[in-house]
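Not measured: the values here are computed from a predicted model.
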Amino acid sequence: MCALCCSFFGLEVWRAWSERDTEIRRIEETTLTLARSLAQHADDTVGIAGLALGDLVERVEADGMGDRERLTRLMVSAVATMPRLGGLFLFDAEGRWMASSAPASPANANNGDRDYFRRHKADPSPAVAVGQPVRSRSRGHWIIPVSRRIDAPDGSFAGVALVTLAASYFSDTYAPFQIGAKGSITLLGEDATLLSRQPVDESRIGGDSGLGAILHRHLPEAPTGTYAFVSTLDGVERLGGYAGAAHAPLVVVVAAAREEALAPWRRDTLARLGAAGLGSLLVGGLGAWLVRLIRRQEAVEARLQAMATTDGLTGLANRRSLDAALEREWRRAARSGAPVSLLLVDIDHFKAFNDAYGHPEGDACLAAVAGALAGAVRRGGDLAARYGGEEFALLLPGATAEEARRVAEAAREAVARLDRPHAHGPASGRVSVSVGVAAALPGPASAPALLVAAADAALYRAKREGRDRVALAPSLAGFARRAG
């Protein structure tokens, strides 16, 4: 019996040690999964900022910075419809504040000394850049600058468009995740600079995170992985996962404190050595907890995936999804010889609507119009998307210009049937939309961007001609000759 008991006890000790290794792998896998999800979230956030910058730069390069009031309204509207963005700012070639979404700008403010400004002034690339964190001159809190160069008509440097992302936005996003009292979630920038962290320690933002080995040794070998280290910030030994953002110079590190994470295993082991039966019950409980944790993480991943492809306010596809669908359908149409049509839809006098009825009612209006537009597209391959602000897009693969015009009229009438009051804009006194329609047969001399430009030009013609109407762009070839 003694030999049997010793053998059983030895088996329990061996099993406990094996489970320790399994527990470490589980912690690494869980933190790695969370790191991948949060890296995708960071990438999507920078992508949203890039879309806002693209719209602003396009307008400024086309119309200049003269109409500051209009630019301010556009920037305030963009920030209001994209809650992740902290602020939107515009600086001229000397670094002077020209317009912003902030209620007021500091007197004689000049950002010509900022690293991101000097970078764009020296580099002619139009790419979006993520800079080092800085203290906001307008509000005093830590921000992560996302910026893009503005060119003059002759190609010279004309200024910088800037989106600020509050460092606290990321730390607040990380706060609900349960990684232990001594666990940490860290967002890294270039050169392992600490951009944001949970638990929050503002004194460390902008400094060395102590995780340079991830960027310089591990990340070049694999974009995601697990990593064990002793933190230089608090001396705690941690293990966890890291993941780099796909399109931005950002890395998320999710780490659990080793001793804290292994504490449940130690308690379970002691219980099993005292009584094998009680130990078995503890193992079953741990298994159930693992299932709940995995399901919770899967739900988080599903929500993050939905955030990456869907506009949160309207439920339509977002701009990123629209761009991908347009590229895909363009290539497919080029192979098959079928046409592709695009409708750009703009709510008439929406700024006046927001000013008169307030942003909550404005959001309700956007959602209602989105529902009406979604109901106007009925074929399986058609896509309704939010293009940005109060603009929407309908992608109609295989539709001719005439078919697209009929869909545009149906969409305009569907919005009219909503019968939403708008006493401060349209002549009808009701919410209405203007629609620009463009159709093309993809070929070697055309590109999706030209189709978007043609639809945009048609939309602006519909506005000039009185709004609440549909305008059809000429043939894409003719449009390309005029644009050239």
Inset, instruction - Can you see which heavy atom on Ala438 is nearest to which on Ala455, and at what distance? - result: CB-N, 3.5 Å
Inset, instruction - Check whether any side-chain heavy atom of Ile143 sits under 4.5 Å from a side-chain heavy atom of Leu165, and report yes or no. - result: no
Inset, instruction - Flag the pair Val345 / Leu459 as yes when at least one side-chain heavy-atom distance between them is below 4.5 Å, and no otherwise. - result: no
Inset, instruction - Would you mind reporting whether Met82 and Leu85 have side-chain heavy atoms less than 4.5 Å apart? - result: yes
Inset, instruction - Decide yes or no for Met75 and Leu90: does some side-chain heavy atom of the first lie under 4.5 Å from some side-chain heavy atom of the second? - result: yes
Inset, instruction - Scan Val252, Val200, Leu34, Thr186 and name whichever one has a side chain to side chain contact (heavy atoms under 4.5 Å, CB included) with Tyr174. - result: Val252
Legend entry - Gln132 versus Thr193, side-chain donor and acceptor atoms under 3.5 Å: yes
Legend entry - Smallest separation among heavy atoms of Val76 and Ser100, with atom names: CG2-O, 4.5 Å
Inset, instruction - Please examine the side chains of Val431 and Leu418, heavy atoms only from C-beta on, and report whether any two atoms are closer than 4.5 Å. - result: no
Legend entry - All salt bridge (Lys or Arg N to Asp or Glu O under 4.0 Å) counterparts of Glu58, not counting sequence neighbours: none
Inset, instruction - Examine the side chains of Asn111 and Trp97 and answer whether a donor and an acceptor come within less than 3.5 Å of each other. - result: yes
Legend entry - Nearest heavy atoms of Ala399 and Ala404, plus distance in Å: CB-N, 4.5 Å
Legend entry - Nearest heavy-atom neighbours spanning Val340 and Ala333: CG2-CB, 3.4 Å
Inset, instruction - Could you verify whether a donor N or O on one side chain and an acceptor N or O on the other, from Asp123 and Ser125, lie under 3.5 Å apart? - result: no
Inset, instruction - Sorted by first residue and then second, give each side chain to side chain donor-acceptor pair (under 3.5 Å) pair with at least one member in residues 414-441; sequence neighbours left out. - result: Asp348-Ser432, Asp348-Ser434, Glu361-Arg420, Asp419-Arg430
Legend entry - Any donor-acceptor N or O pair under 3.5 Å, side chains Asp201, Ser203: yes
Inset, instruction - Looking only at non-hydrogen atoms, find the nearest pair between Val128 and Gly50 and report the distance. - result: CG2-CA, 4.1 Å
Inset, instruction - State, without any angle test, whether Asp346 and Tyr460 hold a side-chain donor-acceptor pair at a distance under 3.5 Å. - result: no
Inset, instruction - Flag the pair Tyr169 / His41 as yes when their ring centroid distance falls below 6.0 Å, and as no otherwise. - result: yes
Legend entry - 4.5 Å side-chain heavy-atom contact, Leu326 and Leu451: yes
Legend entry - 4.5 Å side-chain heavy-atom contact, Leu32 and Tyr242: no
Inset, instruction - Sort and list the pairs that fulfil salt bridge (charged side-chain N to carboxylate O under 4.0 Å, His left out) and have at least one residue in residues 375-387, not counting sequence neighbours. - result: Asp311-Arg386, Arg379-Asp382
Inset, instruction - Kindly say whether the aromatic ring centers of His218 and Tyr227 come within a distance under 6.0 Å. - result: yes
Legend entry - Distance-only donor-acceptor check, side chains Ser168 and His141, under 3.5 Å: no
Inset, instruction - Quick one: sort the Phe89 and Phe91 rings into parallel, tilted or perpendicular, breaks at 30° and 60°. - result: parallel
